Amino acid sequence: MSIEGGIHVGNKTDLEFYTVEVGDTTFRILRRYVNLRPIGSGAQGFVCAALDLITQTNVAIKKLSRPFQNVTHAKRAFREFSILKLVNHKNIISLLNAFTPSSRMDEFNDVYIIMELMDANLCQVIQMDLDHERISYLLYQILCGIKHLHSAGIIHRDLKPSNIVVRSDCTLKILDFGLARTAGTSFMMTPYVVTRYYRAPEVILGMGYKENVDIWSVGCIFGEMIRGQVIFPGSDHIDQWNKIIEQLGTPAKEFLSRLQPTVRNYVENRPKYSGYSLDKLFPDQLFPPDSEQSKLTASLARDLLGRMLIIDPDKRMSVDEALNHPYINVWFEESEVHAPAPGIYNHLVDEREYTVDQWRELIFHEVVQYEYEQIKISTNGGGGGGDKQLNNQSMDQAMEN
Ligand code: AMP
């Protein structure tokens with residue numbers, strides 16, 4: 001099979017691949033990955049931990065089953081793969097490898113993404129009794145990760161605890177890249193319930209947005225760490241808005257004037273709420289004890305929370321202000337906050353309108369191209385770290401065709 005740029009894909013054989021059942025899911029993967037254990041599943045696929053025999057490290061393998069099955073899945077898979085290749089920051093998950101067991105487009109079904117393995121997602125950690133140091137360090141790392149995404153022109157808009165993973169040493173990485181510019185927040189054909197608890201008012205209300213849309217989500221995560229439960233648990237879009245205004249109060253007229261007429265009409269006809277002060281919403285007893293050592297206190301934490309959970313984005317703090325806030329800046333490291341920006345993500349990719357068959361071809365070509373580049377890196381000794389024997393073998397097969 002030949003594709004643009006003259007790349008040839010040889011037959012991928014049992015010498016390279018094997019099949020293993022994990023729960024109800026079949027994984028057909030490179031032989032270097034063994035000892036699979038299920039660790040999670042999301043809208044996109046099933047995730048396993050595994051041992052990489054070549055690097056002797058544990059990795060996470062995500063199976064994207066027929067990522068081209070519908071346009072929404074396809075766009076998302078394509079976008080995720082493109083951004084994973086682009087970004088490079090300690091607070092964003094790293095792509096270690098990617099492959100498909102298929103040699104031919106007409107047999108192409110699944111993509112496997114290999115990533116660094118983390119210990120748990122933030123949903124599990126949020127439940128724990130965290131002290132100020134841990135809370136502040138986790139928030140600092142989320143902020144560094146989103147600042148890096150912003151520097152690539154990617155505004156997340158859908159940060160949530162299930163898409164943030166941590167290690168037991170409290171290091172943290174963001175797993176996904178949020179909503180595509182064109183995705184809006186519309187209905188998606190999936191059996192998974194989409195979590196909207198962390199979405200900012202400007203996303204719920206379909207307004208324009210800027211980088212600090214992501215500060216709202218960080219505020220919701222922060223509030224949940226303090227309260228021990230989701231702070232705005234809306235059952236749908238409308239209820240989500242109700243939960244916000246019941247606690248924070250109906251926003252000022254000036255904000256409402258910036259809404260589209262139909263949305264404005266709805267919002268203006270809701271009952272008016274005066275909201276509660278932050279001390280009432282997050283009373284002292286919910287916070288961990290003040291820390292003598294790091295000088296992190298409940299009142300500092302509440303001050304930060306109050307600047308994040310502001311409905312009007314023009315009044316809400318920015319990412320830089322959050323990173324410089326005294327509750328967060330205790331961790332400030334120039335190299336983490338101002339890490340080199342990656343290339344700028346080309347959003348036109350998200351605007352492509354392809355059929356399922358075209359997506360299938362495009363995704364297949366992307367993955368095969370990636371496989372080919374990995375082979376080149378490893379045969380040129382370019383620090384790919386992979387096994388030359390295995391990769392040369394695929395290279396030979398690639399050349400055969
Ligand atoms: P996703 O399909 O990316 O939404 O991931 C679903 C779940 O799998 C996450 O909520 C995590 O619990 C788990 N998971 C995904 N990737 C990793 C990883 N690299 N390390 C540890 N757990 C992960």
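Just so you know, ligand 1 is whichever comes first in the structure, and atom 1 is the first atom listed for that ligand. All figures in this text were calculated on a predicted structure; none of them were measured in a lab. Throughout, numbering of the chain's residues begins at 1 and tracks the sequence.
An N or O contact shorter than 3.5 Å links K62 to ligand 1 by distance. Ligand 1 has no nitrogen or oxygen under 3.5 angstrom from a nitrogen or oxygen of D119. Distances between N or O atoms of I39 and those of ligand 1 include no value under 3.5 Å.
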Could you give me the CA-CA distance, side-chain angles and deciding distance for H338 and E334, then say whether side chain to side chain donor-acceptor pair (under 3.5 Å) is met?
CA-CA 6 Å; H338 296 117; E334 193 55 32; 2.8 Å; yes

Any chance you could lay out the side-chain contact (heavy atoms from CB on, under 4.5 Å) test for L309 and L248, step after step, and finish with the verdict?
CA-CA 8 Å; L309 294 179; L248 300 181; 4.3 Å; yes

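Both tests pass for R157 against the ring of Y209: distance under 6.0 Å to the centre and angle within 45° of the axis. In this structure, K376 fails the cation-pi test against Y372, since its NZ or CZ atom is not both closer than 6.0 Å to the six-membered ring centre and inside 45 degrees of the ring normal. In this structure, R227 forms a cation-pi arrangement with F282, its terminal cationic atom sitting closer than 6.0 Å to the ring centre and no more than 45° off the ring axis.
At a heavy-atom cutoff of 4.0 Å, ligand 1 is contacted by the side chain of I93 but not by its backbone. Residue contacts with ligand 1, taken as heavy atom pairs separated by less than 4.0 Å, do not involve A43 at all. Contact annotation for N163 and ligand 1: only side-chain heavy atoms (C-beta onward) come within less than 4.0 Å of the ligand. Under 4.0 Å from ligand 1, not a single heavy atom of Q44 appears.
Looking at L64, N121, L175 and measuring to atom 15 (C) of ligand 1, the nearest heavy atom belongs to L175.
The only member of F78, F108, W359 that meets ring-ring contact (aromatic ring centres under 6.0 Å, His included) when paired with F68 is F108.
Counting the atoms of ligand 1 from 1 in the order shown, those under 4.0 Å from a heavy atom of S162 are 9 (C), 10 (O). Against a heavy-atom cut-off of under 4.0 Å, A60 is close to the following atoms of ligand 1: 18 (C), 19 (N).
Salt bridge E353/K75: present, at least one basic N to carboxylate O contact under 4.0 Å. The existence of a salt bridge linking D176 and R79 is excluded, since no basic side-chain nitrogen approaches an acidic carboxylate oxygen closer than 4.0 Å.
At the shortest separation from atom 20 (N) of ligand 1 among protein heavy atoms lies M118 N, 2.9 Å. For atom 19 (N) of ligand 1, the nearest non-hydrogen atom of the protein is E116 O, 2.8 Å. Among protein heavy atoms, the minimum distance from atom 5 (O) of ligand 1 is reached at V47 CG2, 3.9 Å.
No donor-acceptor pair under 3.5 Å is formed between the side chain of H132 and the backbone N or O of Y327.
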